Amino acid sequence: MNAPQLEKTYDPKAVEARWYEVWTKRGYFHASPTHPGQPYSIVIPPPNVTGSLHVGHALNHSLQDILIRWRRMQGRNVLWLPGTDHAGIATQNVVERQLMAEGATRESLGRERFIERVWQWKATSGNTIINQQKQLGESCDWDRLRFTMDEGLSKAVLEVFVRLYEDGLIYRGERLINWCPRCLTALSDIEVEHEDVKGTLYHIRYPLVDDPQTALIVATTRPETMLGDTAVAVHPDDPRYRHLIGKKVRVPLTSRVIPIVGDSILVDLDFGTGAVKITPAHDFNDFEAGERHGLPRITLFDQDAKMDPAGLLEGMVEDSILQSLTMKPVQKARAIVVEALTDRGNLEKVEDHKMALGKCYRCKTVVEPYLSPQWFVKIKPLAEPAIKAVEDGRIRIIPEGWTNNYLGWMRDIKDWCISRQIWWGHQIPAWYCRQCNAGAIFEPTSTEAQGEKETGTRRLVITKNARPIIARNVPAKCDTCGGGNFLRDPDVLDTWFSSALWPFSTLGWPEQTPDLKTYYPTSTLVTGLDILFFWVARMIMMGLKFMGDVPFRDVYIHALVRDAEGQKMSKSKGNVIDPLHVMEQFGTDALRFTLASMASPGRDLKLAEERIEGNRNFANKIWNAARFAHMHLTPTEELHHSADRSFPGLWIRSRLNDAIQTVTMELEAYRFDRATSALYQFFWHEYCDWYLELIKPILQDPLHAAGSATRQTLQDTLEVFLRLLHPFMPFISEEIWQTLPHKGETIVTQSYPVPQAHWHEPTAENTFRLFEQTVGLVRTARALLNYPPGQEISIFVAHEELAASAVLATIEQHLAHIGRGRISRLPISEWPTSNVLRLVADGITVGLSVEHGVDLQKALDRLLKQIAETDKESRRLDGKLNSADFVSKAPPEVIADHRDRLRAFSRDRAMLTNSEQQLRAMLGA
RNA sequence: GGGCGGAUAGCUCAGUUGGGAGAGCGCUGCCCUUACAAGGCAGAGGUCACAGGUUCGAUCCCUGUUCCGCCUACCA
């Protein structure tokens with residue numbers, strides 16, 4: 001091997017693409033079920049196929065890659081399965097926007113061609129995020145890349161749907177659902193984001209039919225929905241109103257009369273006026289109240305959330321009002337209704353009111369409760385086992401604090417609306433016999449459907465009474481009438497429905513593939529809190545239902561990445577940190593290391609570029625340490641002449657052993673932050689700051705007896721460290737490792753370092769502590785006396801204790817080298833009494849000879865400060881030791897420790913005083 | 001409304017069987033010492049949010065308060 005000539009600074013760009021190509025070409029990331037190791041598998045939370053890598057992905061993926069690379073090096077049978085999801089609504093939006101630019105619509109294209117168009121889009125743009133993941137160095141098995149709309153996964157979706165239906169866990173029904181009037185689809189409860197807004201509470205008079213002079217006053221935030229009221233509720237125990245139950249009121253602006261009902265669930269005695277209007281078609285609570293009282297439902301809005309004339313007619317709205325309201329959106333309608341009420345004197349009062357407004361999580365449009373037939377998953381029977389699995393520890397949520405969050409949500413879970421009125425996704429395998437459902441299906445004629453103008457009302461309607469046939473394929477004939485003319489349900493499934501199957505559908509289910517047998521259940525799921533309910537909970541339910549086992553053992557939940565000010569990153573705020581830009585600027589390893597270092601549990605990450613820059617510097621430090629090593633490693637030399645028993649060698653191996661132990665332990669505990677800090681601390685502040693400095697004289701002396709052994713240790717420890725580092729900084733570790741003597745073709749598949757009991761050297765560690773303290777005193781004294789670092793000086797060193805003195809003797813040459821001076825180990829009694837500055841710590845005294853003209857005031861100040869601190873601490877300890885309570889109740893070892901420290905302080909104090917007196921004398925002279 | 005988390009150095013954060021308060025970055029001073037100025041050395045800087053309680057002893061355990069964040073909820 002030739003000694004490589006490394007550049008002075010590390011250039012990540014040159015390194016990263018090169019190695020990534022090698023890794024993938026040689027198939028290091030490819031998993032095989034026949035691998036002898038214990039399986040360790042992770043399925044990636046599939047990013048949207050529309051997406052590009054943001055810093056949240058970067059965090060999520062970095063952590064997974066760390067786990068995966070670590071386990072791979074440990075010899076486990078590792079699979080990291082990548083993929084994307086089809087993101088129904090988001091993807092459809094993207095393609096529809098494209099069409100709009102071309103002056104087309106999905107309707108004008110027709111369903112089939114539209115879907116072709118989406119696939120086309122996916123083929124050209126869908127791999128953006130995949131390529132970016134590769135840039136991040138992710139060691140996924142790309143041969144197993146999956147997409148939720150793939151044939152295999154689609155088959156799994158179909159299978160699950162059919163089985164759930166057969167088990168009575170999927171049903172179709174007309175319910176009030178969350179409707180996005182922009183996406184024109186139903187949303188599940190959790191796809192609605194709530195935002196606090198300042199609203200208005202309108203108090204409206206509803207005159208009694210019997211006694212028009214008297215009115216019931218109801219409060220509402222949505223006055224426009226009053227036209228669809230079908231009752232007014234009061235509390236049955238309310239003395240103000242209970243006598244009115246059973247009577248009727250007139251709905252203002254209409255010719256309708258509605259009953260007053262008593263309802264203790266809906267009505268809160270203390271809120272508003274104590275009377276509530278019931279609009280079953282436009283409010284979730286009212287819907288339920290309507291069910292309780294058998295009330296009719298009047299739907300006022302169409303799918304665009306505009307006032308529907310048919311609904312207004314049904315509500316018997318006065319003609320003039322009806323005219324002005326027709327096809328008006330909610331906000332306009334509200335203004336018109338409020339104005340009309342004011343004119344009639346029906347508006348009693350208006351007040352400010354803060355309330356939560358639901359918005360579509362995809363497009364932020366205000367969602368409307370909308371009455372329509374939809375498909376639902378009956379969730380309780382699925383949730384129960386999913387609750388148990390977490391309760392009994394078969395699934396562990398980390399950090400543990402989120403467990404209650406999960407359990408609370410699961411115990412209170414509501415049926416899941418899974419149908420979406422879009423085209424891109426898994427179409428529901430439900431067919432309707434046209435013959436048998438003649439009265440329940442209204443189809444637009446083909447000319448209307450293809451027509452340029454969108455009429456809005458001429459859409460396909462399949463009423464709640466239609467009878468579906470659920471099957472894996474188109475039914476051959478109708479069981480009832482024998483006919484063969486079917487209409488397929490146009491709705492597609494919620495994207496999360498397919499995502500919920502991800503841990504087993506990606507492994508080949510429903511086939512019993514070797515992959516499935518080997519890698520299910522997966523080991524760990526790494527994800528953000530935001531999809532705990534969307535995804536994690538549903539995977540657990542589906543995994544238990546269809547695999548009979550949990551989908552993963554550990555769920556590691558990481559926090560959100562925010563900007564340096566703690567603001568959520570968003571494109572509109574312009575505060576996004578683009579991981580690709582960062583990788584370009586500072587290197588991928590620096591970004592990965594930074595993200596891992598900030599992944600403290602339960603706390604959001606505030607990411608500033610300076611942190612990444614700092615870790616870029618760390619990478620550069622490693623690079624330069626390697627350059628240093630290469631200057632001294634002579635590859636042709638026969639090493640292993642003798643074991644390295646030198647102090648630096650023993651010490652650094654002991655520290656490396658400790659680092660291996662810590663990093664491994666912290667990874668096992670998912671403490672990425674502490675693992676990185678152990679790596680950083682070890683390499684920079686032990687390996688570079690001390691070890692490399694300590695061995696320089698040995699290396700620079702070609703005839704040094706310890707030369708060969710030292711070079712061996714230098715090389716070995718660096719090599720071990722690189723393996724320890726590799727999961728965190730894959731690129732630089734590979735690049736440097738390749739330049740060192742090594743066996744094997746890549747660091748990727750080398751074994752992860754394991755602590756070696758015989759590396760542990762408490763004696764060397766104790767010696768080092770003494771050494772470090774002594775050097776610290778020398779350097780402090782040097783700084784106080786303004787001696788330049790290079791100036792050779794006379795250094796006196798002594799220790800109060802004999803044993804420690806003896807140790808100092810063994811490291812004299814190291815003290816001389818690092819302290820840059822001539823060492824004298826004369827007893828203190830024989831030191832010159834003047835022209836020596838003495839500093840003291842823990843029994844050590846260091847003396848530096850003072851040249852004429854040096855300002856000693858700084859030294860005196862420091863000494864006085866140290867004396868004051870010593871006295872303060874001594875008084876504190878003394879106080880405790882003099883307390884009878886402390887001495888009688890504190891544990892003996894604590895008392896002994898306090899006594900020892902007090903003794904040490906008073907010992908140092910005597911030496912400090914001595915030093916102070918000499919210094920004063922010198923100052924006076 | 002309910003639940004959860006946070007408040008420690010100028011900034012970002014570590015700190016679990018309660019007993020001497022830490023790191024990184026930033027700052028100050030001195031140094032281009034042949035691995036590294038993307039560096040080295042030295043140093044300044046903290047009533048551990050506030051008020052009580054438990055304890056011989058509390059940053060740590062308990063209660064309350066204030067402030068910030070998140071999740072969740074049908075107060076019309």
Side-chain angles (χ1 to χ4, degrees), chain A residues 6 8-10 190 194 201-202 218-222 233 265-268 270-279 283-289 353 355-356 399 401-402 404-405 408-409 412 529-530 532-533 559-560 562 564 566 568 586 590 597-598 600-608 610-611 613-632 671 673-674 677 680-681 684-685 688-689 692-693 696 700 775-776 779-784 786-791 820 862 873 876-877 880 883-891 893-895 897-898 901:
Chain A
L6 300 183
K8 200 165 174 179
T9 52
Y10 172 58
I190 52 179
H194 293 275
L201 197 57
Y202 300 88
V218 303
T220 180
T221 54
R222 302 201 53 190
I265 297 172
L266 184 66
V267 183
D268 176 353
D270 301 323
F271 186 84
T273 60
V276 187
K277 65 199 252 333
I278 300 182
T279 323
D283 182 281
F284 291 100
N285 295 316
D286 292 8
F287 181 86
E288 283 170 26
H353 178 68
M355 50 187 272
W402 298 119
N404 281 335
N405 210 322
W409 188 77
D412 193 32
L529 183 65
D530 46 339
L532 180 63
F533 304 141
L560 205 71
R562 296 168 177 281
K568 213 168 177 169
F586 299 116
S597 75
M598 298 179 84
S600 304
R603 220 189 247 257
D604 283 348
L605 293 74
K606 292 184 194 169
L607 186 63
E610 299 87 79
R611 335 238 74 225
E613 189 185 357
N615 287 317
R616 185 270 314 256
N617 295 352
F618 180 50
N620 195 51
K621 189 76 177 174
I622 298 167
W623 184 254
N624 276 292
R627 287 180 69 221
F628 172 79
H630 279 302
M631 288 173 57
H632 299 286
R671 287 303 302 263
D673 57 330
R674 296 209 281 215
S677 111
Y680 190 100
Q681 180 64 27
W684 199 313
H685 297 304
C688 291
D689 286 353
L692 295 186
E693 294 305 325
K696 274 180 183 174
Q700 283 158 4
V775 170
R779 285 169 168 173
T780 302
R782 188 190 273 278
L784 288 171
N786 279 327
Y787 292 155
Q791 183 177 338
R820 290 176 187 267
R862 184 195 187 274
E873 194 55 21
R876 201 181 68 82
L877 290 172
K880 284 178 90 170
S883 145
D885 277 336
F886 177 74
V887 179
S888 61
K889 292 179 181 166
E893 61 271 21
V894 171
I895 297 171
D897 179 61
H898 277 52
R901 272 158 51 205

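Just so we're clear, the structure is a prediction, and the values are computed from it rather than from any experiment. Note on naming: letters A, B, ... go to the chains in the order of the sequence lines (proteins, then strands), and numbering restarts at 1 for each one.
- Here the nucleotide nearest the side chain of A:His685, chosen from B:rC74, B:rA76, B:rG24, is B:rG24.
- Both A:Lys606 and A:Leu692 lie close to RNA chain B; mapped to their nearest nucleotides by heavy-atom distance, the more 5′-ward contact belongs to A:Lys606.
- One finds a side-chain N or O of A:Arg901 lying less than 4.0 angstrom from the OP1 or OP2 phosphate oxygen of B:rG20.
- The side chain of A:Thr9 lies closest to B:rA38 when the candidates are B:rC75, B:rA76, B:rA38.
- Distances shown here put every side-chain N or O of A:His194 at or beyond 4.0 Å from the OP1 or OP2 atom of B:rU72.
- Across all strands shown, A:Asn405 has heavy atoms under 4.0 Å from sugar-phosphate atoms exclusively, and none from any base.
- Not one side-chain nitrogen or oxygen of A:Lys696 sits closer than 4.0 Å to the OP1 or OP2 atom of B:rU33.
- Distance NZ/A:Lys621 to CG/A:Asp689: 6.0 Å, rounded to 0.5 Å.
- Side-chain atoms of A:Arg862 and base atoms of B:rG43 include no donor and acceptor less than 3.5 Å apart.
- Within 4.0 Å of A:Leu784, counting heavy atoms only, lies no atom of the nucleic acid at all.
- Rounded to an integer number of Å, the gap from NE2 of A:His898 to P of B:rG20 is 6 Å.
- For a distance-only test at 3.5 Å, the side chain of A:Arg616 qualifies as a donor-acceptor partner of the base of B:rA38.
- Of the side-chain N and O atoms in A:Arg674, one or more sit less than 4.0 angstrom from OP1 or OP2 of B:rG15.
- Atom CG in A:Asp412 sits about 14 Å away from atom C1' in B:rG1, given to the nearest Å.
- The phosphate of B:rC31 has neither OP1 nor OP2 within less than 4.0 Å of any side-chain N or O from A:Arg820.
- Of the possible donor and acceptor atoms, none in the side chain of A:Asn624 sits under 3.5 Å from a partner among the backbone N and O of A:Arg627.
- Atom CZ of A:Phe628 is separated from atom C1' of B:rC36 by 11 Å (rounded to the nearest Å).
- In this structure a side-chain-to-backbone donor-acceptor pair under 3.5 Å is present from A:Arg782 to A:Arg820.
- Taken together, the paired segments of RNA chain B that extend over three or more consecutive Watson-Crick or G-U pairs, each closer than 3.5 Å at both contacts, are B:1-7 with B:66-72, B:10-13 with B:22-25, B:27-31 with B:39-43, B:49-53 with B:61-65.
- In the set B:rA76, B:rG24, B:rC41, B:rA76 carries the atom at the smallest distance from any side-chain atom of A:Met355.
- Side-chain atoms of A:Pro891 lie closest to B:rC56 of the nucleotides B:rC56, B:rC36, B:rC13.
- Residue A:Glu893 is classed as having no contact, given no heavy-atom separation below 4.0 Å to the nucleic acid.
- With hydrogens and angles disregarded, a donor-acceptor distance shorter than 3.5 Å links the side chain of A:Asp604 to the backbone of A:Leu560.
- Under the 4.5 Å side-chain criterion, counting only non-hydrogen atoms from C-beta, A:Ile622 is not in contact with A:Trp684.
- Atom CD of A:Glu613 and atom C1' of B:rC25 are 10 Å apart (whole Å).
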* Is there a side chain to side chain contact (heavy atoms under 4.5 Å, CB included) between A:His898 and A:Val894 once you walk through the steps? -> CA-CA 6 Å; A:His898 277 52; A:Val894 171; 3.6 Å; yes
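- Distances shorter than 4.0 Å separate some side-chain N or O of A:Thr780 from OP1 or OP2 on B:rG43.
- Nucleotides B:rG64 and B:rC56, compared at atom P, are 24 Å apart to the nearest Å.
- Using a 4.0 Å heavy-atom criterion, one finds that A:Pro788 contacts no nucleic acid atom at all.
- When heavy atoms are screened at a 4.0 angstrom cut-off, A:Asp897 is found touching no nucleic acid atom at all.
- Checking the phosphate oxygens (OP1, OP2) of B:rG40, a side-chain nitrogen or oxygen of A:Trp684 falls inside 4.0 Å.
- Here, B:rU16 and B:rC61 have their C1' atoms 11 Å apart, quoted to the whole Å.
- Here the nucleotide nearest the side chain of A:Phe886, chosen from B:rG19, B:rA76, B:rA14, is B:rG19.
- Using a 4.5 Å heavy-atom cutoff, the side chains of A:Ile278 and A:Leu266 are in contact.
- Across all strands shown, A:Arg876 has heavy atoms under 4.0 Å from sugar-phosphate atoms exclusively, and none from any base.
- Side-chain N/O atoms of A:Tyr10 include none lying less than 4.0 angstrom from OP1 or OP2 on B:rA35.
- Across B:rC48 and B:rC32, the matching C1' atoms stand 40 Å from one another, rounded to whole Å.
- Projected onto RNA chain B by closest heavy-atom contact, A:Asp673 and A:Trp409 fall at different nucleotides, the more 5' of which corresponds to A:Asp673.
- At a threshold of 4.0 angstrom between heavy atoms, the contacts of A:Asp689 are confined to the sugar-phosphate backbone, with no base atom among them.
- Looking at heavy-atom distances under 4.0 Å, A:Glu873 makes contact with sugar-phosphate atoms alone, never a base.
- For the pair A:Met598 CE and B:rA14 C1', the interatomic distance rounds to 13 Å; values are reported in whole Å.
- For A:Asn620, the side-chain atoms get nearest to B:rC36 when compared with the rest of B:rA76, B:rG24, B:rC36.
- Nucleic acid contact class of A:Phe618 (heavy atoms, under 4.0 Å, all strands): none.
- Rounded to whole Å, the separation between the P atoms of B:rG6 and B:rC13 comes to 13 Å.
- Distance CG (A:Asp885) to P (B:rU54): 14 Å, rounded to an integer number of Å.
- Rounded to whole Å, the P atom of B:rU28 lies 24 Å from the corresponding atom of B:rG22.
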* To do: Please report the C-alpha distance between A:Tyr202 and A:Thr221 in whole Å, then the side-chain angles of each, then the deciding distance to 0.1 Å, and finally whether the side chain to side chain contact (heavy atoms under 4.5 Å, CB included) criterion is met.
  => CA-CA 6 Å; A:Tyr202 300 88; A:Thr221 54; 5.9 Å; no
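- Closest approach to the A:Arg779 side chain among B:rC56, B:rG20, B:rA42 is made by B:rA42 (side chain taken as heavy atoms from C-beta onward).
- Taking the P atoms as reference points, B:rA73 lies 36 Å from B:rC11, given to the whole Å.
- Under a 3.5 Å cut-off, the side chain of A:Arg862 and the backbone N or O of A:Ala781 do not form any donor-acceptor pair.
- Between the CZ atom of A:Arg611 and the P atom of B:rA38 there is a distance of 19 Å, rounded to whole Å.
- Although no hydrogens or angles enter the test, the distance criterion places no donor-acceptor pair under 3.5 Å between the side chain of A:Asp673 and the main chain of A:Ser597.
- Using the six-membered ring where Trp is involved, A:Tyr10 and A:Trp623 have ring planes that are tilted, between 30° and 60° apart.
- The CG-P distance, from A:Asn617 to B:rA35, rounds to 19 Å in whole Å.
- Distance noted for atom C1' between B:rU47 and B:rA21: 13 Å (whole Å).
- Looking at A:Lys8, its side chain has no donor and acceptor atom pair within 3.5 Å of the base of B:rC36.
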